[in-house]
Amino acid sequence: AQKVTQAQTEISVVEKEDVTLDCVYETRDTTYYLFWYKQPPSGELVFLIRRNSFDEQNEISGRYSWNFQKSTSSFNFTITASQVVDSAVYFCALSFSGAGSYQLTFGKGTKLSVIP
Amino acid sequence: DGGITQSPKYLFRKEGQNVTLSCEQNLNHDAMYWYRQDPGQGLRLIYYSQIVNDFQKGDIAEGYSVSREKKESFPLTVTSAQKNPTAFYLCASKEWTGSTDTQYFGPGTRLTVL
């Protein structure tokens, strides 16, 4: 069974603080992909990153960075020097193969509030 | 501008009525998806379609129906059989179902049953 757990329901930080959003996953597949999406108050999900199971290199994109560790089945997301515009719900997702189609299973999301 | 559009943005329905949510994409993507989001919950898959005139049930298909007559369009009908339809509905598309290419999402439709 595929499962994604985002244990942090809500996080509040003061602007310019660093914050890490946790994501733990379960899968029996040896090949899989992990994703992070951002959902601002407008509602649309915005794609942030995709990482395959064979690539454990950390990735940095501006103030965003991702730490993928297969040994702990985690794919954590860090925002450095947070800004008010980072306030959103963040979803971690896992792709898996089912019925000949790759589908996504989502965590329940972490609501991040950045306070000015 | 390439992307996914959903309409309407807000929809109100009386109990016992069927309503149809629109989803259109001009990305030339093969696969399209419908998800439901409830407060504090992740996204749950309702239906998906890999090609025209074909679609599959997701995890929570009861009370919903879809059609895929054109590649760019994947409307969702919420029927009166859906017991608790108030939710936020998101449509997504992907280039090819058999790959793990990224799903891209529309802006969503918020449905409220009065």
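Order of the sequence lines sets the chain letters (A, B, ...), proteins ahead of strands, with each chain counted from 1. Predicted, not measured: the structure shown is a model, and the values here were computed from it.
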(request) Measure the CD-CZ distance between B:Gln103 and A:Phe35 for me, rounded to the nearest 0.5 Å. (result) 7.5 Å
(message) So, taking the atom named OH in B:Tyr35 and the one named CG in A:Leu45, what distance separates them when rounded to the nearest 0.5 Å?
(response) 9.5 Å
Using the rule that Ile, Leu, Val, Met, Phe, Trp and Tyr join whenever any side-chain heavy atoms are under 4.5 Å apart, tell me whether [X] and [Y] fall into a single cluster.
| X | Y | value |
| --- | --- | --- |
| A:Leu21 | A:Tyr64 | yes |
| A:Trp66 | A:Ile11 | yes |
| B:Leu90 | B:Val113 | no |

(request) Count the heavy atoms of every other residue, nucleotide or ligand shown that sit under 6.0 Å from NZ of B:Lys57, and state whether that count exceeds 12. (result) no
(message) Is it true that, when you exclude B:Tyr10 itself, more than 12 heavy atoms of the residues, nucleotides or ligands shown sit nearer than 6.0 Å to its OH?
(response) no
(message) So which atom in A:Phe91 and which in B:Gln37 form the shortest heavy-atom distance, rounded to 0.1 Å?
(response) CZ-NE2, 3.3 Å
(request) Under 4.5 Å heavy-atom distance to chain A, tell me which part of B:Gln56 shows up: side chain, backbone, both or neither. (result) neither
(message) Between B:Leu43 and chain A, with a heavy-atom cut-off of 4.5 Å, which part of the residue counts as in contact: side chain, backbone, both or neither?
(response) both
(message) Among A:Lys111, A:Gln6, A:Gln39, which residue has the highest count of heavy-atom pairs closer than 4.5 Å to chain B?
(response) A:Gln39
